[in-house]
Amino acid sequence: MEPKIQSTAWNPEIIEKAILKKWEEEDIYHFAIDDDDDESKPAFVIDTPPPYPSGRPWHIGAAAHYAQIDMIARVARMNGKNVLFPIGIDRNGLPVEIYTEKKYKVRMRQMDRQKFLDLCKVALDDLEAEMIQIMKRMGLSGNFKEYYRTDSDEYRALTQATFIELWKRGLVYLANRPNNYCPDCGTTIADAEIVYNEIPTKLIYMKFKVTTRKNKERGKEEEEKKKKNNDNTDDTLIIVASTRPELLYACQAVIVNPEDDRYKHLQGARAILPLFNREVSIVPHHSAKPEFGSGAVMVCSYGDQNDVQLFRELGLKEIVALNENGFTTEAAGQQYAGLRVNQARTKIVEDLKNAGLMEKEESITHRTPLCERSKTPIEIIALHDYYVKQIEFVPQLKELAFKLKFHPDMHRQILLKWLDSINIDWPVSRRRFYGTEIPIWYCNTCKAPNLPPSDGKYYRPWKDKPPFEKCAKCGNVGSGFTGEDRTFDTWMDSSISPLYVTKFDKDKKMFDYAYPTAIRPQAKDIIRTWLHYTMLRCVQLTGKIPWHEAWIMGYGVDEKGEKMSKSKGNVIDPFPVIQKYGADTFRFWSASEANLGYDFRCSEQRIAGAQKFLSKLWNVGRFLSSFEVIGERKAPSYLEPSDRWILAELARVVKECRRGYSEYNFFVPANAIRDFTWHLFAAHYIEMVKGRAYIANTDDGNNKNDDDDEKRGKRSALYTLHRCFSTILLLIAPVIPFIVEELWTKMYSSETTIHRQAMFRKEQEELEEIEEDAEMTKYTKAIIDFNSMVWNKKKETISKETGKPLSLKDPIDIPVPSELEQFGQDLKAMHNLTAR
RNA sequence: GGAUGGGUAGUCUAGCCCGGUUAGGAUACCUGUCUUACACACAGGUGGUCGAGAGUUCAAAUCUCUCCCCAUCCA
């Protein structure tokens, strides 16, 4: 019989594209709730992470991540769920602004806002098109027809409506607080947006004069001790070391460690700021580390977060050191006002030197907080910003964090640690342009904020007229309003993705059916942000946790195990790889390489290695396609021992796959299927039953004459071969959908796609339950060993005729061990054994 | 400094939770082979003090302790 499959190799370039087209035409991943058939099924909504098109190339680890999210969707679909796998693109935020400024050589604040926004859109559209192309080419079974953008009017309207809702409930407030501020981006940023870097800097030792009687009252005893120890420090001075000498004028205290003997006598004394000649207290505080610098630290508003805390703790009066452009204020005095931070530092250090007020400087590396996006050192400046309350929700969120099922469980810890460390509310206003506008207008008379109704409309207060004329507070009608020109933190948008995809506020039937969603798949590096903020917002708005499960993937790291980043230049572009090896190869690599939750290494060599399995699978399929399919659903009444043996092994694989898939750990099924298919099914079983399978048909093959031993053996073999192979295809379908679809339609069902089949079939379950057959797996090792031994013998035996080792088809005189007697006939045929 | 994960042949990795035959596999390397699908294959082989040390045990890659190294996140 001619094989149904002719081509000798799997050719992804042509076939995968043809299959993609077919899937699209037949709309096989359709999700609907109006369809009777689908509605009766349980909903399975994936809260897909909308990727951010921040520049080329896209990240190979991200592509691998989406490939696996698609596997989640496919597994759920094959398990009878009504799957909604939304595709969205996250388009709000700073990266595109920076990208646009670079690309078009413009400055955001120096051009027309609308024109700048238009340029951003163009840049985003380009990058997005490329991303969508890659996602489609990978075979994602997502809802591309209705893919959404977080900067669409509809999405932004929902962001605004949910904000207005929070406002009404009193969960939003305006506060003037010291906050992280990036002078380069010109905006407040949240703690979560800060990165730290060791940066070389100078530690400046400054001489502060000490003015106190206490100093002179010290006993003679101490003077003696001092002389003994060769201590030449000048008692009228205290040396203060700081990496931020430019903030000297904003200093309100000097702290020393209470245990520090050098300064015990100065506690409670006062010091005079050099250059500025202002008195401040010397206060004991445990946060001063004796071993750092001189052990005496100046407290300024604000050098770092510790200063903020100290100001609060010690009740110090804030001195505004920097304005919102990052320039020094009048507080610096005429000489130093209006300078950039660096200029001020140079000048002050110079003046300290010249005045002999600097003891020394020391080169150190300092762990400096940087803006995650622009990599500029952040400043801490007091500004008016809007805050969303989160502190009061922390206990509730913690409780919910335990109810949320994490895959893998260990990553729950990241969220819990983060919740523990939260000590301020969430600042959500940003002085940026490309984002969702904060929907507020201020009354020109009383300055009160006025919000529009949460009616699902999209508002742009910086350019639109307010949808009201009268101020809600003072009642003034004529004076008009001024629109808020700030935007939201982008997490305000992305944190409502589960609400958007389930049509919160738009379609009650849909929302009730689909929310809470099934699963949030995401990378582990944004647990503190996206996962946390989504929980917070959804709990605030719906009172419910937005998902049942969270699936956390590790990073794709480079060949050395280091994180890929554009600055390191080790980012691998996924598209050429996918084009070269095909989507299935890429997907299989992703599944077989990345163990759930752990980082995985990206190397092209390993991707090329994954291709070999597809080739093997294709060839097994090609071989089997030359044999007729017998009793696909129903087993023949009699099965040979060899067939019962491999079916028992198959049952084990099914079980293993079921376990892996139930945890969305594709590493497990990918490796289980590869091992079984290659090293057991193809290497041993197929060779064992070739003899039976090749017995010529004497009738039409459908004759159920079980009396004939030969025919009975053939039927048993053909049934088992196809049972194993079709099961393999079903089990691995979510991982490598293309090749499996091609083999399935060519071999088993030209009409229906494999991707709507049930993955676990009844017969399999029955099979798993036959204990007697499960026992058969105990022969596996003996069979492998025996085969190995025969192959070895043949290799060792030099043929008298050819002078070369025996060919595998040459006869050899080896007895079948009694343990394997029941497989005797198959083994004899396989090896051409002559012994009885 | 803290947290999390990891350290198993040249390289990558399974096993560790629940201790028990010769530590499994992949890749690379070496040798041989056209064998009723597959040379993108098959058969065979070289290569490991399971990070170091100590302890528990009849028995430790696996449990306990100490230390070292790497990655990531946080201060």
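Protein chains get the first letters and strands the later ones, always in sequence-line order, with residue 1 at the start of each.
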Nearest-angstrom distance, [atom1] atom, [N] to [M]:
{"N": "B:A71", "M": "B:A60", "atom1": "C1'", "answer": "27 Å"}
{"N": "B:G5", "M": "B:C29", "atom1": "C1'", "answer": "32 Å"}
{"N": "B:C12", "M": "B:C17", "atom1": "P", "answer": "24 Å"}
{"N": "B:U22", "M": "B:C18", "atom1": "P", "answer": "24 Å"}
{"N": "B:G51", "M": "B:U8", "atom1": "C1'", "answer": "10 Å"}
{"N": "B:A26", "M": "B:C70", "atom1": "C1'", "answer": "23 Å"}
{"N": "B:C63", "M": "B:G45", "atom1": "C1'", "answer": "36 Å"}
{"N": "B:G7", "M": "B:U64", "atom1": "P", "answer": "15 Å"}

Which nucleotide in the list [options] gets nearest to the side chain of [X]?
{"X": "A:Lys795", "options": "B:U13, B:U31, B:C12", "answer": "B:U31"}
{"X": "A:Phe667", "options": "B:C40, B:A37, B:A14", "answer": "B:A14"}
{"X": "A:Glu687", "options": "B:G32, B:A14, B:C38", "answer": "B:C38"}
{"X": "A:Asn619", "options": "B:G32, B:U72, B:C38", "answer": "B:C38"}
{"X": "A:His679", "options": "B:A26, B:U72, B:U27", "answer": "B:A26"}
{"X": "A:Asp599", "options": "B:A71, B:A37, B:A43", "answer": "B:A71"}
{"X": "A:Lys804", "options": "B:C38, B:G25, B:C34", "answer": "B:C34"}
{"X": "A:Arg528", "options": "B:U35, B:A37, B:C74", "answer": "B:C74"}

Rounded to whole Å, please give me the gap between [atom1] in [X] and [atom2] in [N].
{"X": "A:Leu721", "N": "B:A37", "atom1": "CG", "atom2": "C1'", "value": "12 Å"}
{"X": "A:Glu604", "N": "B:C12", "atom1": "CD", "atom2": "C1'", "value": "16 Å"}
{"X": "A:Leu415", "N": "B:C73", "atom1": "CG", "atom2": "P", "value": "17 Å"}
{"X": "A:Ile812", "N": "B:U35", "atom1": "CD1", "atom2": "C1'", "value": "14 Å"}
{"X": "A:Lys563", "N": "B:C70", "atom1": "NZ", "atom2": "C1'", "value": "16 Å"}
{"X": "A:Trp418", "N": "B:U72", "atom1": "CH2", "atom2": "C1'", "value": "16 Å"}
{"X": "A:Trp791", "N": "B:G45", "atom1": "CH2", "atom2": "P", "value": "13 Å"}
{"X": "A:Asp785", "N": "B:U21", "atom1": "CG", "atom2": "C1'", "value": "13 Å"}

Problem - A:Arg622 NZ/CZ over A:Trp10 ring centroid, <6.0 Å and within 45° of normal - result: no
How is [X] classified with respect to the nucleic acid when contacts are heavy atoms under 4.0 Å: base, sugar-phosphate, or nothing?
{"X": "A:Asn595", "result": "sugar-phosphate"}
{"X": "A:Lys690", "result": "base"}
{"X": "A:Ser788", "result": "sugar-phosphate"}
{"X": "A:Lys794", "result": "nothing"}
{"X": "A:Ala608", "result": "nothing"}

Problem - Qualifying residue, where the test is side-chain contact (heavy atoms from CB on, under 4.5 Å) with A:Ile60 and the options are A:Pro576, A:Pro574, A:Ser590 - result: A:Pro574
Which one is paired to [N], where only Watson-Crick or G-U wobble pairs with both distances under 3.5 angstrom count?
{"N": "B:C29", "result": "B:G45"}
{"N": "B:U35", "result": "none"}
{"N": "B:A60", "result": "none"}
{"N": "B:G1", "result": "B:C74"}
{"N": "B:U22", "result": "none"}
{"N": "B:U66", "result": "B:A52"}

Just N and O in the side chain of [X]: are any of them under 4.0 Å from OP1 or OP2 of [N]?
{"X": "A:Trp678", "N": "B:C42", "result": "yes"}
{"X": "A:Arg606", "N": "B:C12", "result": "no"}
{"X": "A:Lys612", "N": "B:A26", "result": "no"}
{"X": "A:Lys781", "N": "B:U21", "result": "no"}

Practice task
Using heavy atoms to find the nearest nucleotide of RNA chain B for A:Phe613 and A:Asp675 separately, return the residue whose nucleotide is more 5′.
Solution key: A:Asp675
Completion exercise
Between A:Gln605 and A:Ile686, whichever has its closest RNA chain B nucleotide further toward 5' is A:Gln605
Practice task
Take nucleotides 1-6 of chain B nucleotide by nucleotide from the 5' end and write B, S or -, depending on whether a protein heavy atom sits under 4.0 Å from the base, only from the sugar-phosphate, or from neither.
Solution key: --S-SS
Handout entry: Sub-6.0 Å ring centroid separation between A:His411 and A:Phe406
Key = no
Handout entry: Lys/Arg-Asp/Glu bridge criterion (N-O < 4.0 Å) met for A:Lys793, A:Glu796
Key = no
Within a strict 4.5 Å, meaning less than it, do heavy atoms of the [X] and [Y] side chains meet?
{"X": "A:Thr585", "Y": "A:Lys580", "answer": "no"}
{"X": "A:Trp418", "Y": "A:Ile527", "answer": "no"}
{"X": "A:His532", "Y": "A:Ile422", "answer": "yes"}
{"X": "A:Leu596", "Y": "A:Phe667", "answer": "no"}

Exercise for the section: May I ask whether A:Tyr694 stacks on the base of B:U36, given the cut-offs of 5.5 Å between ring centres and 30° between planes? Expected result: yes
Exercise for the section: Check step by step if side-chain hydrogen bond (donor to acceptor under 3.5 Å, both in side chains) holds for A:Trp530 and A:Ser495. Expected result: CA-CA 6 Å; A:Trp530 194 38; A:Ser495 60; over 6 Å; no
Handout entry: Side-chain H-bond candidate by donor/acceptor type, A:Glu649 with A:Tyr685, under 3.5 Å
Key = no
Practice task
Determine the sole option in A:Phe627, A:Phe623, A:Tyr748 for which the ring pair (Phe, Tyr, Trp, His ring centres under 6.0 Å) test with A:His722 is passed.
Solution key: A:Tyr748
